[in-house]
A.B. asks: 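Quick one: the structure is below, and I'll ask about it shortly.
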Amino acid sequence: MSATVQATNVKMRACPLCGAGERKVLARREPWEIVECARCAMVFIGSELEYDVQAREHDWMDEHARAASERKKKQPIFVFLSHVLKPLRPHTEGRMLSQTLRWARAGTLADFGCGDAGFLVLAQKYFDVTGIELSPRGAEISRERIAPEKILEGPVTELAATLPANSFDVVTQFGYIEHEWQPIAGLRAAHRLLKPGGVTVIKTPNYASWNRTIRGMDWCGYHIPAHCNYFTPRTLAEILRRAGFQPLPRPPADRLPTSDSLWMAARKPA
Ligand SMILES: [Zn+2]
């Protein structure tokens with residue numbers, strides 16, 4: 001983090017769920033503070049970075065690799081166990097697809113924060129896909145894997161506004177909303193794009209997970225400041241309702257506190 005960024009581009013951030021200014025500081029990692037809203041208990045980074053700074057100085061693809069390598073140095077046993085147990089866990093992109101197919105099996109799909117398009121490669125067997133990615137590197141890889149005109153590069157909240165309203169059957173957001181400095185604007189953008197009765201499917205780190213409690217600030221969901229919103233099932237359902245969605249029932253397998261990932265789907269009322 002350079003001193004110039006701190007001095008010129010960081011500003012105080014109101015609660016991204018309810019807009020309140022009162023908060024309790026839970027943790028500090030200079031220059032950032034993780035805070036809990038005094039009104040709704042949403043947990044988030046209490047200061048804000050502008051989009052261009054985020055794209056230029058905090059490219060997600062770089063930060064993700066760096067964070068993984070730091071965890072490996074710091075917590076070799078956790079990383080080793082995670083690696084050993086990996087074959088037992090469902091393949092992440094496969095799980096994204098199965099979570100999506102639970103609610104829709106064909107039609108048009110927009111993916112917010114498509115990363116390197118790993119999910120879209122699978123999804124395009126079922127859907128006519130469009131991806132939006134802020135990271136220039138992610139967008140570049142995506143254009144090589146999916147038809148280039150189907151990949152939009154830049155902030156989701158700006159680019160989704162260029163797509164036609166009421167025109168998508170599904171909006172997927174896998175590992176997007178925790179990065180979005182204006183998550184309610186991101187959800188409203190998804191709501192606008194969806195046809196009435198359309199579904200959004202979300203995956204984000206689970207702040208209510210046991211792992212977060214046990215590992216404290218070493219929890220893999222923090223990623224300060226790439227991640228700036230830390231949702232529990234309750235706060236995610238609440239922000240979805242505020243954006244006009246009806247959260248859908250979650251199967252018991254998705255509700256285990258042992259899971260670092262929070263999966264949730266919600267419908268735009270018909
Ligand atoms: Zn709040």
Side-chain angles (χ1 to χ4, degrees), residues 6 9-51 53-54 58 112-113 134 155-158 160 171 173-192 194 200-213 215-217 219-250 254-255 257 259-269:
Q6 191 178 349
N9 298 89
V10 178
K11 56 180 199 257
M12 143 95 182
R13 183 178 182 224
C15 173
L17 199 171
C18 77
E22 315 87 75
R23 71 273 306 278
K24 178 170 81 181
V25 177
L26 301 181
R28 279 197 179 82
R29 189 177 292 168
E30 288 302 329
W32 311 100
E33 284 180 343
I34 294 181
V35 302
E36 182 183 285
C37 176
R39 197 192 290 167
C40 75
M42 172 76 201
V43 178
F44 59 100
I45 290 188
S47 44
E48 195 162 353
L49 264 191
E50 286 166 16
Y51 276 130
V53 179
Q54 195 183 351
H58 297 278
F112 285 7
L134 178 65
V156 166
T157 45
E158 287 171 23
V171 173
Q173 312 181 46
F174 300 133
Y176 155 71
I177 197 167
E178 64 272 22
H179 294 258
E180 175 53 71
W181 291 88
Q182 304 168 55
I184 204 153
L187 293 176
R188 286 190 177 129
H191 188 274
R192 180 189 155 274
L194 285 169
T200 189
V201 186
I202 296 175
K203 173 184 184 269
T204 191
N206 180 15
Y207 188 76
S209 68
W210 287 346
N211 204 16
R212 195 269 305 166
T213 316
R215 290 168 74 178
M217 288 306 288
W219 178 52
C220 55
Y222 278 123
H223 271 300
I224 302 165
H227 291 182
C228 56
N229 311 303
Y230 308 103
F231 289 101
T232 62
R234 189 189 64 77
T235 55
L236 185 58
E238 182 55 31
I239 199 169
L240 279 162
R241 283 189 208 99
R242 282 187 181 244
F245 284 101
Q246 292 170 338
L248 290 162
R250 302 167 67 224
D254 288 353
R255 285 189 265 147
S259 173
D260 274 325
S261 295
L262 166 53
W263 297 88
M264 193 174 286
R267 194 178 295 285
K268 175 176 176 173

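Owing to the predicted nature of the structure, the values given are computational and were not obtained by experimental measurement. Whatever order the structure lists them in is the order used to number ligands and atoms, beginning at 1.
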A.B. asks: Can you tell me how the ring of His191 sits relative to the ring of Phe245, calling it parallel under 30°, perpendicular over 60° and tilted otherwise?
C.D. replies: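 Rings of His191 and Phe245: perpendicular, as their planes differ by over 60°.
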A.B. asks: With distance as the sole test, does Arg267 use its side chain to make a donor-acceptor pair with the main-chain N or O of Gln246 at under 3.5 Å?
C.D. replies: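 Absent.
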A.B. asks: Heavy atoms only: give me the nearest Arg23-Val35 pair and the separation to one decimal.
C.D. replies: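 Shortest heavy-atom separation between Arg23 and Val35 comes out as CG-CB, 3.6 Å.
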A.B. asks: Atom CZ in Phe44, atom SG in Cys37: separation rounded to 0.5 Å?
C.D. replies: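 Here the rounded value is 6.0 Å.
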A.B. asks: Can you tell me if Arg255 uses its side chain to pair, donor with acceptor, with the backbone of Pro233 under 3.5 Å?
C.D. replies: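 Judged by distance alone, no pair lies under 3.5 Å.
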A.B. asks: Check for a donor-acceptor pair, side chain of Arg29 on one end and backbone N or O of Met217 on the other, with a separation under 3.5 Å.
C.D. replies: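 Flag set: sc Arg29 to bb Met217 pair under 3.5 Å.
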A.B. asks: Leaving waters out, which protein N, O or S atoms fall under 2.8 Å from the Zn ion (ligand 1)?
C.D. replies: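 Checking every protein N, O and S atom gives Cys15 SG, Cys18 SG, Cys37 SG, Cys40 SG.
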